[in-house]
Amino acid sequence: MPRITLPDGSVKEFDRPVTAGEVAASIGAGLAKAALGAKIDGQLTDLSTRIEKDVKLGIVTAKAKGATAPDADALYLLRHSCAHVMAEAIQRLFPGVQLVYGPPLENNFYYDMLFPTGKAMSTEDFAKVEAEMAKIIAEDRPFTRYDMPMSEGLAKLKSEGSKFKLDNAERAIEAGSTELSWYATGQPGKDWEDLCRGPHVPSTGRIGAFKVLSLASSYWKGDEKLDRLTRVYGTAFATKPELDAYMTQVEEAKKRDHRILGKQLRLFHIDEMVGQGLILWTPNGAVIRQELQNFIGEELRRQGYHQVFTPNIGKLDLYKTSGHFPYYQDSQYPPILEHDTMKMLANEGCTCGDLANRMKAGDIDGYLLRPMNCPHHIKIYASQQRSYRELPVRLCEFGTVYRWEQSGEIGGMTRVRGFTQDDAHLFCREDQIAEELQGCLSLVKLIFKTLGMTDYRVRVGLRDPDSAKYVGDPGNWDKAEQACRDAAKSLGVPFSEEPGEAAFYGPKIDFVMKDVIGRSWQLGTVQVDYNLPKRFGLEYIGSDNQVHQPVMIHRAPFGSFERFIGCLIEHFAGAFPTWLAPEQVRVLTISEKSEAWGREVLAMLKAAGVRATLDESPERIQGKIKAATEWKIPYLLVVGERDAEAKAVSVRARGVQENLGAMPAAEFVAQVKSEIAERSATLACGTRQP
RNA sequence: GCCACCGUAGCUCAGUGGUAGAGCACACCCUUGGUAAGGGUGAGGUCGUGGGUUCAAUCCCCAUUGGUGGCUCCA
């Protein structure tokens with residue numbers, strides 16, 4: 001006799017097992033009609049799930065009462081169900097397609113499929129697929145679940161001959177399932193069905209709005225050695241307006257894309273002839289980078305760092321010792337050989353294979369375009385005898401590194417082949433690790449705070465015990481990982497521990513941000529390393545007059561300027577705070593009669609170190625404002641004859657519709673100068689009304 | 001690297017088997033105008049690159065290069 005507790009605390013009693021749908025109906029016809037699924041003791045289930053014991057029950061509807069956003073559980077059900085409908089539609093249109101796996105995601109869903117050889121789907125087929133889906137939805141067939149004991153279910157799958165579904169079932173067994181479940185879209189045995197753990201909406205007709213979005217290739221189980229699958233993405237919502245709102249939101253987000261804004265605002269350029277993933281910083285972007293560098297540079301001096309400069313290449317031996325060459329060869333540009341070596345090899349008729357082997361064996365020397373800065377800094381540390389008294393030694397450099405990323409992975413400024421890290425390596429005693437980590441983390445926090453970035457997460461990257469890609473002994477790894485955990489805890493923000501995310505030489509604390517299309521990027525990073533000091537035999541003389549090995553901390557609070565500024569452009573949607581804005585103030589003259597005063601104001605601004613320009617074109621003031629607005633300039637100063645007489649400027653602040661009125665030019669200059677000096681995240685000038 | 005799509009003027013994009021067009025931007029002229037586009041004139045492209053089909057290719061086919069979305073990878 002189930003007693004059912006509803007979310008509002010009220011209790012309903014039944015004298016027989018009931019389904020969640022029946023409970024909904026007992027509450028009200030409207031609710032029953034709106035119900036898409038149920039949450040039983042916190043578990044999302046079908047509406048048709050039988051309830052036999054006392055439970056807490058919530059009915060899932062498209063929108064929770066009073067909520068403005070669609071219900072996340074409802075979207076999950078809709079998308080999961082829509083994935084089935086899409087799979088059925090595609091199988092109708094493309095006979096022989098095998099289904100693999102089709103989960104709902106945060107904003108959409110996909111279905112991985114194997115198309116018969118020679119047959120492929122193209123984006124031109126989307127309309128046909130959508131039309132077929134619309135038919136299935138119009139038929140409003142119920143999602144009907146049926147379960148089978150494991151052995152029987154496996155036998156069924158074997159007879160159907162899909163290795164993918166069989167594998168899914170086997171993984172379900174590993175996860176502890178004792179039964180297998182299918183969902184038929186309609187009648188079991190008669191209509192389309194799919195091995196699936198559910199849950200689903202009651203019937204296909206409940207999928208209010210959907211869209212097939214894109215095509216991609218994927219690997220079975222994410223393993224590039226296994227089958228190459230076709231992944232079809234789609235999304236679904238309860239209503240058309242919600243879908244439209246989502247699509248509009250996606251369009252809006254694209255306008256903030258750093259690649260779009262980078263072009264519009266002339267921040268950077270990528271040129272085919274220079275090379276993929278190689279950023280050319282144009283003057284506007286260079287200003288932002290330089291300002292950030294000045295900002296962090298001031299902090300570094302405060303924190304006792306020493307600036308160093310080192311070259312962008314180094315001999316192969318250096319990277320063999322560090323482990324980069326043997327462990328990460330695939331991610332580096334191939335080594336550079338000297339002329340004489342090339343001639344000698346050519347005379348010997350050396351093949352590429354020979355060359356690779358002989359380089360590995362150390363027979364042939366060459367230079368590597370550096371993938372990291374640490375080996376050079378290590379050599380600076382090792383260039384002189386070190387006493388415990390001078391530790392920690394903190395060497396910093398805005399060091400450019402080159403990595404050979406796969407062509408399909410490169411894009412914009414967030415994933416590039418050459419980038420500059422705000423790098424530093426701290427060589428310290430073991431007892432200094434905690435404090436040094438604190439110092440590094442405080443730098444990262446300062447950056448995020450100054451720029452008003454709050455939407456980031458913290459990841460502690462640990463080694464994957466099953467992988468061979470890490471160097472060093474496990475004992476040191478354990479110590480280093482514990483140091484990272486402790487440091488992350490002290491940050492006072494939530495963090496996740498993620499095995500397999502460590503650097504090859506040590507664990508790390510990463511600060512991760514999302515871009516406008518939802519992709520995550522690692523920005524700042526702090527890493528603890530016992531391994532490289534050992535590989536290079538680094539030393540210091542301790543207070544006991546014995547030789548000791550220092551511990552290294554690698555840290556880059558921005559990560560790389562390329563990636564960071566890519567994210568920063570999106571964070572500000574191109575509207576940078578005054579201290580970062582490439583053009584901080586533009587003076588707009590009303591007519592030729594106020595040109596002299598305009599030039600005077602410009603001179604005052606420049607004298608104060610403000611990046612300012614003067615628009616004395618024959619355009620009307622409306623046109624000048626419109627043009628200036630497109631450059632997202634923080635302040636526009638309109639100067640006319642009235643202003644000239646009063647030695648004043650009429651201030652417009654970016655994002656404020658009406659002008660702020662006139663103020664003495666000298667006062668504006670003083671205000672903007674202090675706003676810039678403070679690195680204020682918001683526009684604060686000209687707020688005083690005359 | 002894999003799959004799909006895309007590449008036309010500085011930018012955003014239209015277009016056609018018979019060697020191309022718009023808006024913005026740019027240059028010049030008129031206008032001297034007080035807060036989100038005043039008017040006119042003009043210049044600017046071997047339609048990503050290389051092959052092929054064709055009497056004829058920017059358009060069709062192949063290759064290549066670059067971009068976009070995803071997969072994989074990411075020290």
Side-chain angles (χ1 to χ4, degrees), chain A residues 108 110 112 115 120-126 213-233 254 257 259-260 263-264 266 270-277 319 322-325 327-332 370-374 401 403-412 414-417 421 461 469-471 500-506 508 517 519 521-522 525 527 529 532 554 563 588-595 618-630 636-643 650-652 656-662:
Chain A
N108 48 24
Y110 67 79
D112 276 345
F115 277 71
M121 189 168 153
S122 117
T123 45
E124 286 171 17
D125 299 315
F126 285 4
L213 295 173
S214 64
L215 274 175
S217 95
S218 64
Y219 303 113
W220 189 29
K221 300 183 187 181
D223 186 337
E224 60 188 335
K225 290 179 209 73
L226 301 179
D227 300 70
R228 286 172 189 206
L229 308 172
T230 302
R231 177 170 295 183
V232 190
Y233 281 87
K254 276 187 193 152
D257 190 310
R259 291 163 298 194
I260 308 281
K263 219 178 249 181
Q264 263 171 26
R266 302 266 157 82
I270 300 169
D271 197 283
E272 204 177 311
M273 204 179 263
V274 174
Q276 262 194 309
Y319 299 101
S322 69
H324 290 94
F325 188 67
Y327 283 85
Y328 290 95
Q329 226 179 127
D330 291 346
S331 309
Q332 290 157 188
R370 67 174 169 194
M372 288 185 75
N373 302 310
C374 29
V401 298
R403 300 179 186 179
W404 194 86
E405 304 284 0
Q406 295 192 97
S407 64
E409 194 41 68
I410 295 170
T414 43
R415 191 76 183 268
V416 294
R417 280 183 172 167
Q421 298 175 309
K469 70 173 186 177
Y470 304 101
V471 298
E501 292 293 332
F504 82 92
Y505 48 74
K508 48 184 194 161
I517 48 179
R519 292 180 295 202
W521 299 105
Q522 176 202 310
T525 182
Q527 317 177 349
D529 178 10
L532 292 184
H554 309 237
R563 181 177 287 177
L588 314 174
T589 53
I590 296 280
S591 74
E592 282 172 4
K593 291 173 196 145
S594 51
E595 263 177 30
E619 187 56 72
R620 296 204 313 173
I621 194 65
Q622 290 87 338
K624 293 187 189 188
I625 290 169
K626 171 76 164 90
T629 303
E630 288 178 354
L636 305 182
L637 304 182
V638 173
V639 294
E641 287 178 277
R642 284 206 304 270
D643 304 289
S650 294
V651 182
R652 287 186 69 102
V656 182
Q657 187 64 47
E658 62 282 2
N659 85 75
L660 303 173

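In what follows, every chain begins at residue 1, and chains take the letters A, B, ... in the order their sequences are listed.
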What nucleotide among [options] has an atom nearest to a side-chain atom of [X]?
X: A:I517; options: B:C73, B:G34, B:G69; result: B:G69
X: A:Q657; options: B:G69, B:G34, B:A36; result: B:A36
X: A:P618; options: B:G34, B:A37, B:U31; result: B:U31
X: A:T123; options: B:U12, B:C5, B:C71; result: B:C5
X: A:E272; options: B:U31, B:G7, B:G69; result: B:G7
X: A:Q622; options: B:A4, B:U35, B:C3; result: B:U35
X: A:Y219; options: B:G69, B:C2, B:C11; result: B:C2
X: A:T629; options: B:A36, B:U32, B:U35; result: B:A36

Please give, in whole Å, the distance from [N] [atom2] to [X] [atom1]?
X: A:D112; N: B:G69; atom1: CG; atom2: C1'; value: 15 Å
X: A:Q264; N: B:G23; atom1: CD; atom2: C1'; value: 15 Å
X: A:W521; N: B:C74; atom1: CH2; atom2: P; value: 14 Å
X: A:I410; N: B:U65; atom1: CD1; atom2: P; value: 13 Å
X: A:I270; N: B:C11; atom1: CD1; atom2: P; value: 14 Å
X: A:K593; N: B:G34; atom1: NZ; atom2: P; value: 9 Å
X: A:K263; N: B:G67; atom1: NZ; atom2: P; value: 11 Å
X: A:L588; N: B:A37; atom1: CG; atom2: C1'; value: 14 Å

Test log, rule side-chain hydrogen bond (donor to acceptor under 3.5 Å, both in side chains), inputs A:S650 and A:N659: CA-CA 7 Å; A:S650 294; A:N659 85 75; 5.2 Å; no

Evaluation steps, side chain to side chain contact (heavy atoms under 4.5 Å, CB included), between A:V651 and A:L637: CA-CA 5 Å; A:V651 182; A:L637 304 182; 3.9 Å; yes

Taking 4.0 Å as the cut-off, does a side-chain nitrogen or oxygen of [X] come that near to OP1 or OP2 on [N]?
X: A:Q276; N: B:G67; result: yes
X: A:S407; N: B:G1; result: yes
X: A:K624; N: B:A36; result: no
X: A:R415; N: B:C73; result: no
X: A:R620; N: B:G38; result: yes
X: A:R259; N: B:U68; result: yes
X: A:R266; N: B:G10; result: no

Sugar-phosphate, base or nothing in reach of A:G323, heavy atoms under 4.0 Å: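 Nothing, no nucleic acid heavy atom in range.
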
Sugar-phosphate, base or nothing in reach of A:G222, heavy atoms under 4.0 Å: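 If one applies the 4.0 Å heavy-atom cut-off, A:G222 turns out to touch the sugar-phosphate alone, with no base involved.
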
Measuring only the [atom1] atom in each nucleotide, how far is [N] from [M]? A whole number of Å is fine.
N: B:C28; M: B:G69; atom1: C1'; result: 45 Å
N: B:C61; M: B:G21; atom1: P; result: 25 Å
N: B:C26; M: B:A43; atom1: C1'; result: 9 Å
N: B:A4; M: B:U64; atom1: P; result: 14 Å

No-H, no-angle donor-acceptor pair, A:S650 side chain to B:G34 base, under 3.5 Å: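 Yes, the side chain and the base share a sub-3.5 Å donor-acceptor pair.
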
Distance-only donor-acceptor test, A:S214 side-chain atoms vs B:G70 base atoms, 3.5 Å: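 Under the 3.5 Å cut-off, the side chain and the base do not form any donor-acceptor pair.
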
Sub-4.5 Å side-chain heavy-atom contact between A:R417 and A:I410: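 Contact flag for A:R417/A:I410 side chains = yes.
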
Geometric class of the A:F504/A:H324 ring pair [parallel <30°, tilted 30-60°, perpendicular >60°]: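 Aromatic pair A:H324/A:F504 classed perpendicular.
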
Short N-O contact, A:D257 and A:R259, less than 4.0 angstrom: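 A salt bridge links A:D257 with A:R259.
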
